[in-house]
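Notes for the one structure printed next.
Start at 1 and go down the list; that is how both ligands and their atoms are numbered. We count residues from 1, following the sequence as given.
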Amino acid sequence: MEIDQEQKFQNKIDTEEKIEPKDWMPDAYRKNLIRQISQHAHSEVIGMQPEGNWISRAPSLRRKAILLAKVQDEGGHGLYLYSTAETLGITREEMINALQDGSAKYASIFNYPTQTWADVGAIGWLVDGAAIVNQISLQRTSYGPYSRSMVRICKEESFHQRQGYELMLALSRGSEAQKEMAQDSLNRFYWPALMMFGPHDTESAHSASSMKWKIKRETNDDLRQKFIDQTAPQIEFLGLSHPDKNLKWNEKRSHYDCGEINWDEFWRVINGDGHCNRQRVQHHINAHEEGAWVREALVSYQQKKKTKAA
Ligand code: 3HC
């Protein structure tokens with residue numbers, strides 16, 4: 001019976017039919033999706049912190065308004081994604097607990113500090129840029145609600161990427177000190193941005209099943225290569241030097257060959273020992289506790305409405 005169900009499920013996937021919340025699905029598919037979507041949601045929400053750090057110090061009203069809108073968008077992305085994960089039978093509370101007790105991961109990049117104003121540009125350009133490469137592919141993921149949420153998120157990420165690049169362009173066409181600031185920021189964020197795509201395919205624990213079930217449509221290494229290829233001419237246009245000294249166009253492959261990521265650093269950061277891991281989670285805990293009264297007020301308002309209606 002179960003085998004029959006699994007075969008039918010796989011046939012649906014193979015014929016590009018979306019899986020919807022009430023459809024039968026293997027437990028492992030459900031678990032894998034909950035893991036990926038909730039970690040994706042946590043990344044969006046934790047990702048508000050490094051940039052939020054600069055809202056009150058933005059150099060002009062225009063820059064401040066853009067940054068404020070971007071950070072709010074990220075909060076919204078987190079909310080769509082938590083709702084998406086909830087359709088699979090996990091509660092918001094369970095997900096938040098997993099984030100706060102360290103059992104759920106979030107994107108490693110957000111454990112790096114934002115030291116200068118240029119970091120706001122580098123994050124928009126490189127981090128949102130990497131997120132888009134990954135998320136365009138996820139628009140075709142097999143789970144319907146996840147796929148639909150990606151469509152809207154990608155539109156907003158695209159604005160985020162452009163504002164970041166425009167900021168970097170202004171700095172790299174500015175004074176010598178501004179150009180240096182842009183270069184320093186590129187140097188610090190380039191490699192962590194490449195790490196966002198996850199470990200090499202041969203080291204990726206979830207890729208085989210995720211590709212079979214079309215949760216992922218392209219592998220970690222293929223997506224990373226796309227990002228490397230699209231970023232090289234952007235760096236050139238800015239007039240900055242490329243942080244990867246081994247980067248070289250390969251005529252035969254029609255792709256750039258590149259240097260190796262520092263994988264020790266990657267595993268250290270995702271396992272909790274990055275520069276800002278503790279600070280990010282503690283800040284989330286504090287904000288969550290400070291917001292407890294809002295959640296309580298909402299619940300009692302809903303209860304009151306129900307009693308009135310009964
Ligand atoms: N940061 C943190 N953890 C990472 C990671 C990274 N850059 N790359 C991999 N990992 C974790 C995985 O989550 C997994 O951990 P787990 O087993 O404890 O869950 C482990 O390392 C092994 O990696 P796998 O390759 O086997 O994992 P996946 O198949 O899940 O692939 C992924 C990793 C490519 C990140 C995939 O989960 C994915 O595409 N996720 C959805 C996109 C996403 O989460 N993006 C976050 C980017 S930030 C963002 O969107 C905010 C925006 O505003 C900038």
Side-chain angles (χ1 to χ4, degrees), residues 31-52 67 69-81 84-85 98-99 102-112 120 122-141 143 146-147 149-150 152-161 163-164 189 191-224 226-227 261 263 265-274 277 280:
K31 269 199 197 137
N32 195 356
L33 269 178
I34 289 177
R35 179 195 64 81
Q36 177 167 323
I37 301 171
S38 61
Q39 293 189 7
H40 193 166
H42 299 327
S43 306
E44 301 280 356
V45 170
I46 294 289
M48 295 166 80
Q49 291 186 37
E51 288 179 293
L67 184 56
K70 178 190 189 294
V71 172
Q72 282 176 346
D73 283 352
E74 306 299 2
H77 298 173
L79 297 185
Y80 313 147
L81 287 163
T84 305
L99 170 66
S103 52
K105 296 187 172 70
Y106 57 84
S108 47
I109 189 90
F110 300 123
N111 293 308
Y112 292 81
V120 170
I123 290 183
W125 165 36
L126 298 172
V127 176
D128 290 71
I132 295 172
V133 169
N134 174 286
Q135 291 172 172
I136 283 179
S137 176
L138 285 175
Q139 287 178 351
R140 294 185 298 117
T141 190
Y143 188 56
Y146 193 24
S147 154
S149 67
M150 281 299 111
R152 174 155 177 190
I153 289 178
C154 278
K155 286 191 181 138
E156 291 175 349
E157 300 288 22
S158 162
F159 148 69
H160 299 167
Q161 196 268 351
Q163 65 80 36
F189 277 92
W191 292 102
L194 297 191
M195 294 177 196
M196 287 175 69
F197 296 94
H200 280 313
D201 297 346
T202 45
E203 306 289 319
S204 164
H206 303 287
S207 278
S209 50
S210 292
M211 292 294 287
K212 175 178 157 219
W213 288 324
K214 297 187 180 169
I215 291 175
K216 280 160 94 166
R217 305 298 305 240
E218 288 166 274
T219 70
N220 297 1
D221 284 327
D222 286 350
L223 289 170
R224 186 171 16 246
K226 266 192 192 168
F227 178 73
I261 288 171
W263 291 109
E265 175 180 321
F266 169 79
W267 291 112
R268 235 189 17 253
V269 175
I270 73 167
N271 286 317
D273 200 19
N277 296 60
R280 299 289 185 240

### Query
Do ligand 1 and R35 have nitrogen or oxygen atoms that lie under 3.5 Å from each other?
yes
### Query
Hey, are the side chains of I109 and L126 touching, using non-hydrogen atoms and a 4.5 Å cut-off?
no
### Message
Check whether E51 reaches the backbone of V71 with its side chain - one donor and one acceptor, N or O, closer than 3.5 Å.
### Response
no
## Note on the structure
Between F110 and P50 the two heavy atoms that sit nearest each other are CD2-CG, 3.9 Å
## Note on the structure
If you scan protein heavy atoms around atom 2 (C) of ligand 1, the nearest is Y106 O, 3.2 Å
### Query
For atom 13 (O) of ligand 1, which protein heavy atom lies nearest, and how many Å away is it?
Q39 OE1, 2.8 Å
### Query
Are any non-hydrogen protein atoms located under 4.0 Å from atom 32 (C) of ligand 1?
no
#### Entry: From the candidates E74, K70, H206, K216, the one that places a heavy atom nearest atom 53 (O) of ligand 1
E74
### Query
Nearest to atom 34 (C) of ligand 1 by heavy atom, W267, Y146, F197: which?
F197
### Query
Hey, is Q36 touching ligand 1 through its side chain, its backbone, both or neither, going by heavy atoms under 4.0 Å?
side chain
### Message
Quick check: do Y106 and R280 have side-chain heavy atoms less than 4.5 Å from each other?
### Response
yes
### Message
Considering E218, H200, K105, Q135 one by one, which has a heavy atom nearer to atom 50 (O) of ligand 1 than any of the others?
### Response
Q135
### Message
Looking at non-hydrogen atoms alone, which of M211, E156, E157 comes nearest to atom 52 (C) of ligand 1?
### Response
E157
### Query
Which option out of G124, S207, P199, G198 puts a heavy atom nearest to atom 23 (O) of ligand 1?
P199
### Query
Relative to ligand 1, is L138 under 4.0 angstrom through side chain, backbone, both or neither, heavy atoms considered?
side chain
### Any donor-acceptor N or O pair under 3.5 Å, side chains H160, E157
yes
## Note on the structure
the protein heavy atom lying closest to atom 39 (O) of ligand 1 turns out to be N134 ND2, 3.0 Å
### Message
Heavy atoms only, cut-off 4.0 Å: how does N220 contact ligand 1, side chain, backbone, both, or neither?
### Response
side chain
### Message
Looking only at protein heavy atoms, which one is nearest to atom 49 (C) of ligand 1, and what is the separation?
### Response
E44 OE2, 3.8 Å
#### Entry: For F266, atoms of ligand 1 separated by under 4.0 Å from a heavy atom
5 (C), 6 (C), 7 (N), 8 (N), 9 (C)
#### Entry: Nearest atoms (heavy-atom pairs only) where N277 meets G272
ND2-CA, 3.2 Å
### Query
So, are K70 and D73 salt-bridged, with charged N and O less than 4.0 Å apart?
no
### Message
For the 3.5 Å polar cut-off, considering only N or O atoms, please tell me whether S43 and ligand 1 meet it.
### Response
no
### Query
Purely on distance, is any nitrogen or oxygen of F110 under 3.5 Å from one on ligand 1?
no
### Closest approach of any protein heavy atom to atom 21 (O) of ligand 1, naming residue and atom
I270 CD1, 3.6 Å
### Query
If we only count heavy atoms from C-beta on, is the E74 to D128 side-chain gap below 4.5 Å?
yes
### Query
Under 4.0 Å from ligand 1, counting heavy atoms only, is it the side chain of I109, its backbone, both or neither?
neither
### Task
Starting from atom 35 (C) of ligand 1, locate the nearest protein heavy atom and write down its residue, its atom name and how far away it is, to 0.1 Å.
M196 O, 3.9 Å
### Task
Side-chain contact test, heavy atoms from C-beta onward, threshold under 4.5 Å: evaluate it for L81 versus Y146 and give yes or no.
yes
### Query
Is any side-chain heavy atom of H42 less than 4.5 Å from a side-chain heavy atom of S38?
yes
### Message
Show the nearest heavy-atom pair for residues Q161 and G129, with the distance to one decimal.
### Response
CG-CA, 3.6 Å
### Query
So, do W191 and I261 sit near enough that their side-chain heavy atoms are less than 4.5 Å apart?
yes
### Message
For atom 6 (C) of ligand 1, which of the options G129, G274, A41, S108 provides the nearest non-hydrogen atom?
### Response
S108
### Query
Would you say V269 and M195 make side-chain contact, with heavy atoms under 4.5 Å?
no
### Query
Would you say the side chain of M196 lies within less than 4.5 Å of the side chain of F227, judging by non-hydrogen atoms?
no
### Query
Under the 4.0 Å line, does any protein heavy atom show up next to atom 47 (C) of ligand 1?
yes
### Query
Which protein heavy atom lies closest to atom 24 (P) of ligand 1, and at what distance to 0.1 Å?
S204 OG, 3.4 Å
## Note on the structure
Near A205 (heavy-atom distance under 4.0 Å), the atoms of ligand 1 are 26 (O)
### Task
Pick one of side chain, backbone, both or neither for how H160 approaches ligand 1, counting any non-hydrogen atom pair under 4.0 Å.
neither
